[in-house]
Amino acid sequence: MYLFDAEIIENRRLADDISSLRLEARPEFVKAGSAGRFVMLASADERLDPLLKRPFGIVRCGRGWFEVVIKEAGKGSRNLAGLRAGVRVAVHGPLGNGYPELEKDGRPLVLVAGGIGIASIASVVFSRNFDPAALLFGAARAGELVLLEELKKTGGGRLEVAAITDDGSSGRRGLVTELLEEKLEKWSDARVFACGPGPMLQSVQRVLQARGVEGWLSLENRMACGFGVCLGCVQEMRAGVRAKVCTDGPVLVAGEVVF
Amino acid sequence: MTDLKVELLPGLTLANPVLTASGTFGYGREYSPYIDISSLGAVVTKGLSLAPRAGNPGVRITETACGMLNAIGLENIGIERFLKEELPFLRDSGAVVVVNFFGNSQAEYAELAARLDGVDGIAALEINISCPNVKAGGIQFGTDPGSAAELVGAVRAKTSLPLITKLSPNVTDIVTMARAVVEAGSDALSLINTLLGMAVDLQTGRPVLGNLTGGLSGPAIKPVALRMVYQVVQALPEIPVIGIGGIVCAEDALEFLLLGARAVQIGTANFIDPRTAIAVIAGMDKFLSARGYEKVTDFIGTLKPGR
């Protein structure tokens, strides 16, 4: 992992409270920034409030840059989302384990995103080849289905995309786990990657368990450091084991997480 | 270049007065990808107990204005695993190691002190009598001068290692606490531990932390820490004091030294950037060199009288 100050190349608003930041990165960072890993970010000036860096999934990397997608959930994320192109940001990363590299055995992959969990899930679409695969995206309302068009374009004919919202504003009303149930009905040998809020991941876990489907969950627990020392993000796992979401995760085997 | 060496205690001279605070530096190993931990004044380990501890359930941290609340609950791997799996790494790294420890009872504190006595690679012990996040032990010893003195006396009887007692700020009179543990045999003092605090969530109508309350740390508590260090140094000028509380840069650390702290510990700022302690050492040298100090000890305790 690396510690550096990076200039914001572009700050693009995706929704009322969701922004995409494209930041400078060195080639060695880009090389290490595989799907599902994350960075800790704070503005690079010497401010004391907000104080701690905040974790964000690396959505994608390009030549000399990487992208994060920020939902404004508190003062830390609000502060970062408000920074303009040219401003410098303190970066620590890439951190965490990322999604596992799966055997190319023809089994389908189902990607499940809830809300801003799309930032993590999108990294899989942007960086990996797969066949066949489906992206199931649930959000509160249509405006929060960010990156959807780009993801459809990137996935092309090999990625089925379905969206669902709490208020029905994108067409179908309901929870993303309904889409997952339907998909697994047809693809019983699929593997699943999921990222989203805790209650959603818990529902995904139940669906996987009921059907005996293999899956991985990317968790969003609060953390102060991101490199295994604060113990703020510790997650209870099966058999009395505890995982540090920052260094053992954020991607954990679905069946082992205890909610 | 200013000579940053400080004699913390007779027989314990540190290369510089910058230590890392317990609970913010893991067992040292986690920082070795970022810095040379042997260049620190000392590494203070995560607090250790006899048996491993799982810590508290639920949300454990939340940021507050210029600070953070934590309610980790002293999660740690326990003394035996530490000695077997972590201490050898620290010893090989060349770091000066201060072991922070705590128990659920006076007997446990004494047993830990006995277990750590004479172990190769440990420079000093720091007794945690002040964690606000555990029900048994911890702060109950840290807020009553009689219990604290009895506890320190029991530990003192079991070890020949230098003893540092880490004091809680959650008391009416810090000097009474300081005096009590020094009289019971503590060689040095470190202060302050976190201040008891709380955060509530208006959206959910509930406390933010799983433990309901937590320990406040970070720049928000620096003025409280400075005041308490000042009071203790004034009352007990012969006793080495390590200042802790909200240090994020060299200037913060120098403020504690100016008051008379012989060393400092960096805590929360390690989370923001794992290189912070190294930057503080460099900045301290730069500040003192620019002002012509040959030795940091010429600067320590030079606070001028107020007007």
Side-chain angles (χ1 to χ4, degrees), chain A residues 1-5 32 40-55 73-79 89-95 197-199 219-237 239-248 258-259, chain B residues 20-31 33-35 46-47 52-77 201 203 208-210 214 217-220 222 246 248-249 251-252 267-276 279:
Chain A
M1 77 310 289
Y2 305 95
L3 284 153
F4 57 98
D5 286 357
M40 299 290 292
L41 301 180
S43 71
D45 58 5
E46 289 182 3
R47 75 177 66 204
L48 299 178
D49 194 10
L51 180 69
L52 302 164
K53 289 195 172 89
R54 299 292 196 274
K75 68 184 173 188
S77 49
R78 210 161 39 237
N79 170 253
V89 172
V91 181
H92 185 185
L95 299 161
L219 272 63
E220 300 178 320
N221 297 13
R222 288 168 188 244
M223 54 185 75
C225 71
F227 60 104
V229 291
C230 76
L231 306 185
C233 67
V234 166
Q235 175 67 41
E236 200 191 332
M237 305 288 280
V241 174
R242 291 180 305 281
K244 295 175 189 173
V245 168
C246 63
T247 52
D248 300 322
V258 177
F259 285 104
Chain B
T20 55
S22 179
T24 67
F25 211 71
Y27 304 105
R29 188 198 295 269
E30 296 89 336
Y31 281 79
Y34 302 97
I35 60 170
K46 176 117 187 75
R53 279 179 63 102
N56 291 326
V59 172
R60 291 175 163 195
I61 54 167
T62 187
E63 187 167 316
T64 56
C66 298
M68 64 177 280
L69 284 166
N70 89 79
I72 307 300
L74 293 174
E75 175 172 345
N76 78 95
I77 59 174
D201 185 337
Q203 300 303 320
V208 175
L209 295 173
S217 65
K222 193 183 75 172
V248 300
C249 61
E251 287 72 18
D252 292 335
T268 301
N270 294 317
F271 296 152
I272 305 168
D273 188 326
R275 303 165 301 187
T276 301

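A note on names: the letters A, B, ... follow the listed sequences, proteins ahead of strands, and every chain is numbered from 1. Keep in mind it's a predicted model, so treat the numbers as computed, not measured.
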Student: Side chains of A:Leu41 and A:Arg54, heavy atoms from C-beta outward: is any pair under 4.5 Å?
Tutor: no

Student: Among B:Gly218, B:Ala65, B:Ala269, B:Gly26, single out the residue with the greatest number of heavy-atom pairs under 4.5 Å to chain A.
Tutor: B:Ala65

Student: Counting heavy-atom pairs closer than 4.5 Å to chain A, which one of B:Gly23, B:Pro219, B:Ala54, B:Pro33 comes out on top?
Tutor: B:Ala54

Student: Non-hydrogen atoms of chain B under 4.5 Å away: do they reach the side chain of A:Met1, the backbone, both or neither?
Tutor: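 Only the side chain of A:Met1 comes within 4.5 Å of chain B.
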
Student: Below 4.5 Å from any heavy atom of chain A, which atoms of B:Tyr27 appear? Answer side chain, backbone, both or neither.
Tutor: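 Neither; nothing under 4.5 Å.
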
Student: To the nearest 0.5 Å, how far apart are CG in B:Asn270 and OG1 in B:Thr276?
Tutor: 6.0 Å

Student: Which atoms of B:Thr62 come close to chain A, meaning under 4.5 Å heavy atom to heavy atom: side chain ones, backbone ones, both, or neither?
Tutor: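 The answer is both parts of B:Thr62.
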
Student: Are the side chains of A:Tyr2 and A:Val91 in contact, using a 4.5 Å heavy-atom criterion?
Tutor: no

Student: Between A:Lys244 and A:Leu231, is any pair of side-chain heavy atoms under 4.5 Å apart?
Tutor: yes

Student: Name the region of A:Ala42, side chain, backbone, both or neither, that has any atom closer than 4.5 Å to a heavy atom of chain B.
Tutor: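 For A:Ala42, there is no contact with chain B at all, as no heavy atom is under 4.5 Å.
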
Student: In terms of the angle between their ring planes, are A:Phe227 and B:Tyr31 parallel, tilted or perpendicular, with boundaries placed at 30° and 60°?
Tutor: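 Perpendicular: the ring planes of A:Phe227 and B:Tyr31 meet at over 60°.
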
Student: Mind checking what makes salt bridge (charged side-chain N to carboxylate O under 4.0 Å, His left out) contact with A:Asp49, not counting sequence neighbours?
Tutor: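 For A:Asp49, the residues satisfying salt bridge (charged side-chain N to carboxylate O under 4.0 Å, His left out) (neighbours in sequence not counted) are A:Lys75.
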
Student: With respect to chain B, which residue among A:Asn221, A:Thr247, A:Leu48 yields the maximal number of heavy-atom pairs within a distance under 4.5 Å?
Tutor: A:Leu48

Student: For A:Arg242, is it the side chain, the backbone, both or neither that has a heavy atom under 4.5 Å from a heavy atom of chain B?
Tutor: side chain

